[in-house]
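Chain identifiers are assigned alphabetically (A, B, ...) following the order of the sequence lines, protein sequences preceding nucleic acid strands; residue numbering begins at 1 within each chain. Side-chain atoms are counted along with the backbone in the values below, which use heavy atoms only and exclude waters and symmetry mates.
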Number of protein chains: 2
Amino acid sequence: MRFTLKQLSYFVAAGEANSITLASERVHISQPSISSAISQLEAEFGVQLFFRHHAQGLSLTPAGQRFLIAARELLQQAGALNDLADEITTTIAGPLRIGAFRTFAPLLLPELCVDFAEAHPKVSLEMFEDDEAELVAKIRKAELDIALTYEQDGVDLHFEQLALLPTYVLLPAGHGLAKSGSLSLKDLASQPFVLLDLPVSREYFASLFEKAGVPLNIVARSHQPETVRSYVASGLGFSLLTARPKNLTALNGRPLAYLYLDDDFPPMKLGMITARTIRKTRAVAAFEEHCRKSISTRSIPGMMNW
Amino acid sequence: MRFTLKQLSYFVAAGEANSITLASERVHISQPSISSAISQLEAEFGVQLFFRHHAQGLSLTPAGQRFLIAARELLQQAGALNDLADEITTTIAGPLRIGAFRTFAPLLLPELCVDFAEAHPKVSLEMFEDDEAELVAKIRKAELDIALTYEQDGVDLHFEQLALLPTYVLLPAGHGLAKSGSLSLKDLASQPFVLLDLPVSREYFASLFEKAGVPLNIVARSHQPETVRSYVASGLGFSLLTARPKNLTALNGRPLAYLYLDDDFPPMKLGMITARTIRKTRAVAAFEEHCRKSISTRSIPGMMNW
DNA sequence: CTTGCTTACGTCCCGCGTAATGATA
DNA sequence: TATCATTACGCGGGACGTAAGCAAG
């Protein structure tokens with residue numbers, strides 16, 4: 001393959017014009033350049049492409065005519081590569097791999113994805129639920145395009161905050177404190193605590209007790225939020241959580257209550273992370289925009305509004 | 001179209017290897033060159049083709065995968081151009097335009113072409129009969145691939161001699177001299193002459209009389225050899241000719257006789273001419289070879305052997 | 001003498017390889 | 001530290017244009 005697309009295009013121009021001079025005007029390239037390109041093609045293929053009629057242009061040999069149509073096809077297909085590029089960059093389509101943090105994935109993902117899939121039917125969605133470390137690793141390995149999770153830092157990561165998720169108090173609906181407008185951690189000092197036992201949340205909730213100067217009295221723990229809710233609904237104790245399922249009934253059928261926590265704790269930040277090193281697909285950009293529109297501190301799909 | 005086939009082939013190699021290093025070994029090109037080619041393609045198309053995994057190679061993006069198959073197709077089609085070239089240069093096929101000088105075309109062409117067409121059925125023959133000037137002009141204009149004619153010179157022409165055609169004496173079969181083994185022009189000095197009146201032959205035959213010191217006494221002339229033969233057969237006079245039809249009966253039904261001319265005249269040279277500037281097709285080469293085998297001074301298709 | 005392809009030649013860009021740098025596991 | 005990709009950089013070939021050459025009508 002010692003020839004170039006450029007040579008072929010010059011050849012085609014000359015073949016269509018039956019003249020190097022005319023072709024040179026059309027292609028805006030000098031006569032000698034076109035002449036040389038043709039000579040090189042002839043040498044490369046060992047085939048005479050043109051008859052030269054000295055003072056009156058040239059004409060294709062039979063072999064040249066066959067080459068002309070083949071070359072035209074090739075150039076057309078080469079042009080199709082540009083079309084493909086346009087399609088990829090302008091069309092919102094293709095695969096889109098979304099990750100979400102385990103605890104709010106069941107609330108957020110279905111709502112978010114149904115709407116997005118409706119708006120962009122040519123995008124094929126894949127959803128993953130994982131803990132934060134896994135999400136970050138997969139983003140870095142480009143196994144995920146985007147992930148919804150709590151704030152992450154890292155030079156190669158881009159985090160865009162979407163909403164604040166203040167910690168709230170979870171109580172059984174019939175609890176004596178459940179009717180209070182809001183509570184501070186001190187008000188709950190005597191109550192046993194049910195811990196959501198996940199890598200990040202574990203340390204986070206413990207730090208709140210420390211800040212408030214309240215002893216941590218863990219009566220049960222689980223890495224599943226739904227188990228925590230059921231424990232609490234059963235009257236085992238209270239819990240602190242950030243994600244707020246709309247459903248106020250635990251999986252065991254018992255009712256729950258959410259209460260403001262009016263201590264001055266920094267709220268968790270919900271947002272999306274992408275890899276800085278990777279050029280955004282249109283689909284990714286569209287999904288980002290979709291999230292910006294759908295998710296705010298006031299309103300998060302699948303979550304109870306404050 | 002600001003990309004090259006070379007860039008694409010590097011990209012394909014890298015895409016198949018999922019590694020620039022491995023690709024560089026396969027293609028025998030340095031790592032940086034391949035890296036650069038890929039970067040240029042990405043810039044050209046505005047599409048990210050690979051995810052870079054720093055110490056462990058790279059992997060195609062979804063867009064990259066689509067580009068990979070498109071690029072492979074394009075390269076394959078480009079390779080097909082080489083196949084086309086091979087086919088054209090190796091196959092004996094395609095059009096072949098043969099010219100022959102008027103006077104011996106009716107003798108030579110049919111015999112020659114029937115045999116050749118049988119041997120090379122994929123060659124489509126076109127035959128032309130013309131006088132020498134026209135043949136040469138058409139060879140130069142590439143309207144003919146090859147012509148059978150008398151010796152021609154010209155820097156841009158190639159003449160290959162095939163046979164000598166000594167001038168012979170044409171007499172009515174019943175003529176008093178017709179039984180002689182051979183004759184010289186002097187023996188015929190008293191006889192009237194019938195001239196084949198064609199551009200070259202005209203001067204040639206006249207020159208023979210001059211050389212022999214015999215006066216030229218033209219009783220009839222025609223530009224058609226068949227008319228000359230009928231004149232002679234009718235007893236109008238004798239003629240000198242070079243082409244020797246196998247048929248010893250003139251078109252008017254009267255018998256003819258051929259006799260050696262034993263003067264020391266330079267014989268006409270029958271051969272084939274081609275244009276020096278034009279690369280020979282395989283079909284042309286095959287036809288040349290066919291002529292070499294079929295035509296010699298001893299034996300010329302369609303002509304009386306001496 | 002005009003037309004049109006080719007050759008000659010000088011310039012500049014670009015593809016190439018070597019070597020150094022960066023980044024990750 | 002080993003492995004890959006990327007950047008830096010100098011070299012050489014090739015694509016380009018200008019100008020001259022050349023053949024044909």
query: Below 4.0 angstrom from OP1 or OP2 of D:dT6, is there any side-chain N or O of B:Ser35?
result: yes
message: Tell me whether B:Arg276 is salt-bridged to B:Asp156, with the criterion being a basic N under 4.0 Å from an acidic carboxylate O.
response: no
query: Do NZ/NE/NH1/NH2 and the carboxylate oxygens of A:Glu16 and A:Arg26 come within less than 4.0 Å?
result: no
query: Is the distance between the ring centroids of A:Phe50 and A:Phe11 less than 6.0 Å?
result: yes
- prompt: Side-chain N or O of B:Thr21 less than 4.0 angstrom from OP1 or OP2 on D:dA5?
  reply: yes
- prompt: Heavy atoms under 4.0 Å, any strand shown: does B:Phe50 hit a base, just sugar-phosphate, or nothing?
  reply: nothing
statement: A correct 5'-to-3' footprint of nucleotides 17-25 of chain D, with B, S and - meaning base, sugar-phosphate only and no protein heavy atom under 4.0 Å, is BBB---SB-
query: Bend across the helix from C:dC1-D:dG25 to C:dA25-D:dT1, to 10°, with axes taken over 5 pairs at each end?
result: 20°
Check ion pair B:Glu42-A:Arg279 (N to O, under 4.0 angstrom): no
Return a table of donor-acceptor pairs under 3.5 angstrom between the side chains of residues 130-138 of chain B and protein atoms on other chains or two or more places apart.
unit_1, atom_1, unit_2, atom_2, d
B:Asp130, OD2, B:Lys138, NZ, 3.1
B:Asp131, OD1, B:Glu134, N, 3.3
B:Glu132, OE1, B:Thr149, OG1, 3.4
B:Glu132, OE1, B:Gln152, NE2, 2.4

task: Describe the nucleic acid contact of B:Ser19 in one word from base, sugar-phosphate, nothing, applying a heavy-atom distance below 4.0 Å.
output: sugar-phosphate
query: Would you say the side-chain atoms of B:Ser35 and B:Gln31 include a donor-acceptor pair closer than 3.5 Å?
result: no
message: For C:dT6 and A:Arg52 - does any side-chain N or O of the residue sit under 4.0 Å from the phosphate oxygens OP1/OP2?
response: yes
message: Taking atom CD as the centre, does A:Gln76 end up with more than 12 heavy-atom neighbours from other residues, nucleotides or ligands that are less than 6.0 angstrom away?
response: no
field: Whole-Å gap separating P (C:dC14) and CD (B:Gln7)
entry: 11 Å
